[in-house]
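Have a look at the structure below before the remarks.
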Amino acid sequence: MESMSGGSADRGKEATVEAVTGAHLAQRTVNHERGTLPRIRLLLANTGNNDAHADDVVDAILALKETERLAAVVGVGQSNSRTLKAVRRLRDAGVPTVGATVAADQFVSSRAGFFRVSFPASDQAQAAAAYLKKEQDAAEAAARKKGEKADYDVQVVWDRKEDDGYNKALRETFEKAAKQRGVHVRPGFIPVWSDAGGGAGNALHGAADKICREGEQRPDAVYFAGRGREIRSLIEAAGEGGRSCPVTLVSGSSAVGVFFDTTGASRTEELRTLGERWSASGMKVLYTAFTHPRVAAKTYGDGANSPYPKFERDYLAVRGGTPAPLADGQAMLGHDALLAVGRAARAAYAHYPGSKDVAADVRAELGQLNNGNAVRGVTGKVAFHEQTGEPVERPMALVRLHRPGTEEGRFEYVEALYP
């Protein structure tokens, strides 16, 4: 269940196709394991552009609960009031939901029923603050060694778009975590409004003008509490006219959207412009990713012990092409969300034979995926906190974004991060 109509705030058609493909591969894995039951079907539920039809979709799902052996809902996609209402309705009806890429903190609850393989925005912001503190310490140590003034500082930019809990959680948690860790954050923040109609780009150009000033007025780093499409606009504004703006920009998981809606021959010029301006600006862009293919090696090692190599082979057999699209993690997350449901369904089938409420049984078994009883996912071990359903027992990834056409690829793994 997610928006499959394109153009939504933190989802593009590329991400949707990758996530659905990953879920399909998990379905095949569950169904092809010899001698096991139950088999599972994967139904696609499109909530429409910006999830405008989420309520109608939930009505249809709950109707299925009365006629089919409905096990769970996976996906969700973006964080807004419509998806939050959908998850709450499903929870009230006893249908468990496993979020694949949803990040807003409003989804966290002590009430049973919502689980996710993605990390909440607050965890990401705390990890970002820890990373920037290391960068600050290293820069200031180098400055002192040269006998120079140590004055590393960070500027916060906040997209104040209405109805976006992800952006708000990034800003609020980052500012609190930065203060606790001693990160030098400039007072206040630069506001932008991405929902300002045709004027959204103007606001991002204004933000770039404030960030890219010469000398001491320019910050060393920017923490961007906003979405990937707006990061792309900020990069383009920073490098407009060949301007240099060599700052480090750090953001959350939605930064993957920098490259949304840029595939196909008709987008060639758009990518060329992005690449030219990014190169001119010298901006370094990193984000706290839900996962990356290198996370599997971090968890399982590079040998046959890891499930990732088979996943990659299966993905290429279905989609063709190269492994490059897997670096954004969207297919991996779609896979592991459904794989967790498949494992829980198998346990429910064994523990509650003849049960009439499959969803309730699967919900109970999803709650048991912790404390050493984890699913061997391609994003690492999939386990959920016993009270909140949040991911535990595995790291997120710090990923560097590169401009189109660079040898490193678009998504370069930097290191593992922990909240």
Looking at every heavy atom in both [X] and [Y], which two are closest together, and how far apart are they?
X: Tyr223; Y: Ser251; answer: CE1-CA, 4.2 Å
X: Leu37; Y: Arg346; answer: O-CG, 3.6 Å
X: Val95; Y: Lys65; answer: CG2-CD, 3.5 Å
X: Asn50; Y: Arg82; answer: O-NE, 2.8 Å
X: Asp209; Y: Arg243; answer: OD1-NH1, 3.0 Å
X: Ala100; Y: Val117; answer: O-CG2, 3.7 Å

Checklist entry - After noting the C-alpha distance and the side-chain angles of Arg171 and Glu175, does the key distance pass the salt bridge (charged side-chain N to carboxylate O under 4.0 Å, His left out) rule? => result CA-CA 6 Å; Arg171 181 190 69 83; Glu175 290 182 341; 3.0 Å; yes

Test your reading of the model: is there a side-chain donor-acceptor pair from [X] to the backbone of [Y], 3.5 Å cut-off?
X: Asn167; Y: Arg160; answer: no
X: Asp105; Y: Ala169; answer: no
X: Asp361; Y: Ala345; answer: no
X: Ser279; Y: Gly275; answer: no
X: Glu393; Y: His385; answer: no
X: Arg39; Y: Asn31; answer: yes
X: Thr47; Y: Ser3; answer: yes
X: Asn373; Y: Gln368; answer: yes
X: Gln136; Y: His184; answer: yes

Output all residues satisfying ring pair (Phe, Tyr, Trp, His ring centres under 6.0 Å) with [X], sequence neighbours left out; order by chain, then residue number.
X: Phe115; answer: Phe384
X: Phe224; answer: none
X: Tyr300; answer: none

Is it true that, when you exclude [X] itself, more than 12 heavy atoms of the residues, nucleotides or ligands shown sit nearer than 6.0 Å to its [atom1]?
X: Lys298; atom1: NZ; result: no
X: Lys381; atom1: NZ; result: no
X: Arg319; atom1: CZ; result: yes
X: Gln387; atom1: CD; result: no
X: Arg294; atom1: CZ; result: no

Checklist entry - Under 30°, 30 to 60°, or over 60°: which ring-plane class applies to His292 and Tyr413, parallel, tilted or perpendicular? => result tilted

Checklist entry - Parallel, tilted or perpendicular for Trp158 and Phe189, by the 30°/60° rule? => result perpendicular

In Å, rounded to the nearest 0.5 Å, how long is the span from [atom1] of [X] to [atom2] of [Y]?
X: Leu234; Y: His205; atom1: CG; atom2: NE2; answer: 9.5 Å
X: Asp164; Y: Asp195; atom1: CG; atom2: CG; answer: 9.0 Å
X: Gln330; Y: Glu18; atom1: CD; atom2: CD; answer: 6.5 Å
X: Trp278; Y: Leu271; atom1: CH2; atom2: CG; answer: 10.5 Å
X: Phe119; Y: Thr288; atom1: CZ; atom2: OG1; answer: 10.0 Å
X: Leu401; Y: Arg232; atom1: CG; atom2: CZ; answer: 12.0 Å

Next on the checklist: Would Val247 and Ile211 count as a side chain to side chain contact (heavy atoms under 4.5 Å, CB included) here? Give the steps.
Outcome noted: CA-CA 8 Å; Val247 302; Ile211 293 166; 4.2 Å; yes

Next on the checklist: Let's go through Ser194 and Asp159 carefully: what are the C-alpha distance in whole Å and the side-chain angles of both, what is the deciding distance for side chain to side chain donor-acceptor pair (under 3.5 Å) to 0.1 Å, and is it a yes or a no?
Outcome noted: CA-CA 6 Å; Ser194 64; Asp159 182 357; 2.6 Å; yes

Side chains of [X] and [Y]: is there a donor and an acceptor less than 3.5 Å apart?
X: Thr83; Y: Asp51; result: no
X: Ser253; Y: Gln124; result: yes
X: Arg394; Y: Thr299; result: no

[X]/[Y] ion pair, N-O < 4.0 Å:
X: Arg41; Y: Glu68; value: yes
X: Glu214; Y: Arg218; value: yes
X: Lys176; Y: Glu172; value: no
X: Lys85; Y: Asp55; value: yes
X: Arg111; Y: Asp92; value: yes
X: Asp59; Y: Arg89; value: yes

Checklist entry - For Phe290 and Val256, what are the C-alpha separation, side-chain angles and deciding distance, and is it a side chain to side chain contact (heavy atoms under 4.5 Å, CB included)? => result CA-CA 10 Å; Phe290 292 141; Val256 69; over 6 Å; no

Item to check | Criterion side chain to side chain contact (heavy atoms under 4.5 Å, CB included) on Val375 and Asp336, from CA distance to verdict | outcome: CA-CA 8 Å; Val375 173; Asp336 282 2; over 6 Å; no

Checklist entry - Are Asp328 and Phe259 close enough that some pair of their side-chain heavy atoms sits under 4.5 Å apart? => result no

Checklist entry - So, do Pro395 and Leu417 sit near enough that their side-chain heavy atoms are less than 4.5 Å apart? => result no

Item to check | Counterpart residues, side-chain hydrogen bond (donor to acceptor under 3.5 Å, both in side chains), relative to Asp56 (two or more places apart) | outcome: none

Checklist outcome for this item: Taken in chain and number order and not counting sequence neighbours, the residues that satisfy side-chain hydrogen bond (donor to acceptor under 3.5 Å, both in side chains) with Asp357 are none

Item to check | Any pair counted as ring-ring contact (aromatic ring centres under 6.0 Å, His included), so long as it reaches residues 344-382, sequence neighbours left out | outcome: none

Next on the checklist: Apply side chain to side chain contact (heavy atoms under 4.5 Å, CB included) to residues Phe114 and Leu90 and explain how you reach the verdict.
Outcome noted: CA-CA 9 Å; Phe114 179 72; Leu90 292 168; over 6 Å; no

Checklist entry - In this structure, which one of His24, Arg343, Gln27 forms a side chain to side chain contact (heavy atoms under 4.5 Å, CB included) with Leu338? => result Gln27

Checklist entry - Given the rule in the side chain to side chain donor-acceptor pair (under 3.5 Å) test, do Thr248 and Glu135 qualify, once you have shown the distances and angles that lead to the verdict? => result CA-CA 10 Å; Thr248 296; Glu135 292 293 290; 5.6 Å; no

